Amino acid sequence: MISDKILARLKAAAELPDLSGTRYRLIEEIGRGGMGVVYRAEDPELGRFVAIKVLDEGNEARVLASLEHPGIVPVHEAGVLPDGRSYYAMKLIRGTRLDAFLAKTPHLPDRLRVFQRICEPVAFAHARGVVHRDLKPANIMVGEFGEVLVMDWGAPGVGTPAFMAPEQAAGGEVDARADIFALGRMVELLIRGEERLPKPLASICRRATQQQPAARYGGALELAADIAAFLDGMPVSAHRESITERLLRFASRNRTLLALVAAYLAMRILVIFWIGR
Amino acid sequence: MDADTQIGGANARFPDTRPSAIEAAGSDEAARRGPGHEALVAAYWKPVYRYIRLKWRRSNEDAKDLTQSFFTAAIEKRYFLSYDPRKGTFRTFLRVCLDRFLANDRKFESRQKRSAELVALDFDAAGPESPEAIFHQEWARSLFEDTVDELRRSLQVRGRGICFAVFERYDLAETPATYDQLAGDFGISAATVTNYLAAARRELRSLLMERLRAVTTSDSEFRREARALFQ
């Protein structure tokens, strides 16, 4: 009987893609998800490293090729392996996954600025009729300069329970609003652990993750705009402010002006007091 | 089917050389049922036996006896007819049938009372792994063992025994030899070692997929099982 150790090795060996008919030389496995396995490979002709994704099913390469955006990983070429599995070669992204990035980025505004960049390629894809269906931190890479790349497009509705919209979990029809739900879940992840959670941010999460798709944001850019408004100290569409909150926000945004006015008034009072003597 | 949604695109070459044993086993024609049953028993005898040994903690002889009884009952009572691919994989269906069979088997119950070594019938008490996980692992082990045997025969028949020997020393050894060691031992270059390994692995995968195709009823089930096999 073969041991567990040899069984594991055989599984890995039998799963390795045969790249002998391609221009690439296999180096190592670098990741796996529901739809396939990603390997690091070398392209000796161009002297560069690439990522090769081997897929069991789906039309991810075609979906990706139709989405040319700085926030979506570019495809170099696609093909079929001798065993019938399809593969595509793409840019090898150097960076960290969003979950790892969050672990080393405690500053909330920095996290939120990265989140805004995630919304851009998602909105771009939605405008071309493509829904991601499996947005989650593991599918987002953050580069060394804070650039964001959204990966794993073309998944046939698999999804990940923690980020899955109710209509997707129920196996129903899914549109761009399912991705908005996943983005809302991601904002929740970003703000987790904050000691004093600002109400507007809580409202943004609530609106993005509404059970009814129609009650969510109408698009990823609308959600990003609310995050931007929050970062700029402006009112967010998801939250109706009380007068106190409005005053506090005004005071927070206009600290310098208020300090100057206060100094001016103090000086005037001193002058009046001095003349009165 | 739209070309984009086919496995591997329009040029897909997924194995389809072996007829589905499950469909044959559920056939109304006795002539088709026989080979179907034979193929299913061959594919699942070892995982069923090991599952009974590991999860139900039976002795070697008891486990063999129960495995035999289970397949006999499955064939006589035509369990496989009630398999509905929409509800899950055949592997899961078979495991559920087996659990029911064991739980209801009077002979098994009487043995259970007699057996001092039997700790509990409760799955949770028998180990941390779920019944499904154990059956899955034993199914994968059995599938790989049988396929490796087939690979050995296939390469030897074609005069490519050295290819299997290299594969055996590298992928089947507890401590694999290095490429240089293999090159020295077999009097070939390291590049040839690489080629032999690639060829053996490619054929192993192809034979695995053929076997898997025989015990699945649809493309989607085949894909699910292929994915599960490598997890």
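None of the values given here were measured: they were computed from a predicted structure. Every chain is numbered from 1 and lettered A, B, ... according to where its sequence line falls, protein lines coming before strand lines.
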Just checking heavy atoms, which of residues 137-144 of chain B are less than 4.5 Å from chain A? B/Gln137, B/Ala140, B/Arg141, B/Phe144
Decide if atom CD of A/Glu28 counts as having more than 12 heavy atoms of other residues, nucleotides or ligands within a radius under 6.0 Å. yes
Counting only heavy atoms not in A/Glu147, do more than 12 fall under 6.0 Å of its CD? yes
Between A/Leu16, A/Asp18, A/Ile2, which has the largest tally of heavy atom pairs under 4.5 Å with chain B? A/Ile2
Check the surroundings of atom CZ in A/Arg23: do more than 12 heavy atoms from other residues, nucleotides or ligands lie under 6.0 Å from it? yes
Any side-chain heavy-atom pair from A/Arg85 and B/Arg205 closer than 4.5 angstrom? yes
Roughly how far, to the nearest 0.5 Å, is the CG atom of B/Leu208 from the CD atom of A/Glu15? 11.0 Å
Atom CD of residue position A/Gln212 - does it have more than 12 heavy atoms of other residues, nucleotides or ligands inside 6.0 Å? no
Max heavy-atom pair count under 4.5 Å with chain A, selected residue of B/Glu145, B/Lys46, B/Arg50: B/Glu145
Is it true that, when you exclude A/Lys5 itself, more than 12 heavy atoms of the residues, nucleotides or ligands shown sit nearer than 6.0 Å to its NZ? yes
Contacting moiety of B/Tyr170, where chain A heavy atoms sit under 4.5 Å: backbone
Checking an interface table here. Which of residues 177-192 of chain B come within a heavy-atom distance under 4.5 Å of chain A? none
Among B/Leu204, B/Leu172, B/Leu229, who wins on heavy-atom pairs under 4.5 Å with chain A? B/Leu172
Closest heavy-atom pair and its distance - B/Ala173, A/Arg9: O-NH1, 2.5 Å
What part of A/Leu7 gets closer than 4.5 Å to chain B, counting heavy atoms only: side chain, backbone, both or neither? side chain
